[in-house]
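See below for the structure under consideration.
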2 protein chains.
Amino acid sequence: MGATKTDHFTDKQNELAIILKALAHPARIAIVEYLLTVNTCICGDIVNELPLAQPTVSQHLKELKNAELIQGNIEGNAVCYCINPKTFKKLEKLMDVLFKSIKKQKTTCC
Amino acid sequence: MGATKTDHFTDKQNELAIILKALAHPARIAIVEYLLTVNTCICGDIVNELPLAQPTVSQHLKELKNAELIQGNIEGNAVCYCINPKTFKKLEKLMDVLFKSIKKQKTTCC
DNA sequence: ATTTAATATTGTAATATTACGATAAACGAT
DNA sequence: ATCGTTTATCGTAATATTACAATATTAAAT
């Protein structure tokens, strides 16, 4: 016990859960929003922007990168980060299925 | 250390993170999807539907209820659950801001 | 009043997340 | 080669999440 029983759920359910989980932290939302305003920046810029220590920011960046929500390219001794629109589009599609289902529902509740 | 530093982020960032976190588990996505197909059901139906023990399902339902993604109405000795469309619409609006920003971005990356 | 059925809560073990200091690794500049 | 800059990783403490057995609660049925 303790670990999520991913085996028992569908691939789509697990995939959506992984992307949502990567976004489900205010620091990571802030990073994404920041990247959307500046388009591109190095890790140090994000460290300056957030009220968190450098290793913490680095860890959040790693999680966003693992979920493929962002991309990091090495530029000399710095790393240039940016949004990976592909994953966001995938997320949008998955969420759209949910949102459309909700709009189709007629009964409010029991 | 250990706890999320919610104080340092905006209300919107925290609000979105809380809703996403509530959805960011395959079991809870499965519950939401199931509720969307049946519109309304009692807790026991969800327990039968999922590969999880009754207390685990009850805990997931509580989290979805805390985030106001679902609603639970007492019906005799059973509890009738259903989707709360309001929160999903709020989520859709918050996500739409992100998705639109991504579409506006011209530069792919560094 | 007792029994049955449906949920919730409590307690707890296993695991995961969050945060950061200390340190390492990688590169450019001197 | 050494130094400064930038980022990642390691180690670790605090906290949160996930899961379930056992138990409690609630209400209907007998």
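Throughout, a chain's letter reflects where its sequence line sits, starting with A, and its residues are numbered from 1.
- Here dT7(D) presents its C1' atom at 13 Å from CG of Asn48(A), a figure rounded to the nearest Å.
- The shortest side-chain heavy-atom distance between Leu91(B) and Phe99(A) falls under the 4.5 Å cut-off.
- Heavy atoms from other residues, nucleotides or ligands lying under 6.0 Å from CG of Asn48(A) number more than 12.
- Between the CD1 atom of Ile29(A) and the C1' atom of dT18(C) there is a distance of 15 Å, given to the nearest Å.
- Side-chain N or O atoms of Asp96(B) include none that pairs as donor or acceptor with a backbone N or O of Glu92(B) at under 3.5 Å.
- Nearest-nucleotide positions on DNA chain C place Lys62(B) closer to the 5' end than the other of Lys62(B) and Glu63(A).
- Across the protein-nucleic acid pair, Ile74(A) atom CD1 and dA26(C) atom P stand 10 Å apart, rounded to whole Å.
- On a pure distance criterion of 3.5 Å, no polar donor-acceptor pair joins the side chain of Gln59(B) and the base of dA8(C).
- Side-chain contact between Leu61(B) and Ile70(B) is present, with heavy atoms from C-beta onward closer than 4.5 Å.
- Using a distance-only test at 3.5 Å, with no hydrogens or angles considered, no donor-acceptor pair links the side chain of Asp45(A) to the main chain of Cys41(A).
- Residue His25(A) places none of its side-chain N or O atoms closer than 4.0 Å to OP1 or OP2 of dA16(C).
- A heavy atom lying under 4.0 Å from DNA chain C marks the following residues of residues 7-24 of chain A, by number: Lys21(A).
- The interatomic distance linking Leu50(B) (CG) with dA19(D) (P) rounds to 10 Å, in whole Å.
- The interatomic distance linking Asn73(A) (CG) with dT7(D) (P) rounds to 13 Å, in whole Å.
- A side-chain donor-acceptor contact under 3.5 Å links Arg28(A) to the backbone of Ala22(A).
- The shortest distance between the side-chain N/O atoms of His60(A) and the OP1/OP2 oxygens of dT17(C) is not below 4.0 Å.
- In this structure the side chain of Thr4(A) reaches within 4.5 angstrom of the side chain of His25(B), judged on heavy atoms.
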What N/O pairs connect the protein and nucleotides 4-7 of chain C at under 3.5 Å? Give each pair on its own line.
unit_1, atom_1, unit_2, atom_2, d
dA5(C), N3, Asn77(B), ND2, 3.4
dT7(C), OP1, Cys43(B), N, 3.0
dT7(C), OP2, Gly44(B), N, 2.6

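- Remark: of the listed residues Thr37(A), Leu36(A), Ile31(A), Val32(A), Thr37(A) is the sole one forming a side chain to side chain contact (heavy atoms under 4.5 Å, CB included) with Tyr34(A).
- Counting non-hydrogen atoms under 4.0 angstrom, Leu52(B) reaches the backbone sugars and phosphates but no base.
- Salt-bridge check for Glu68(A) with Lys90(A): failed, with every basic side-chain N at 4.0 Å or more from each acidic carboxylate O.
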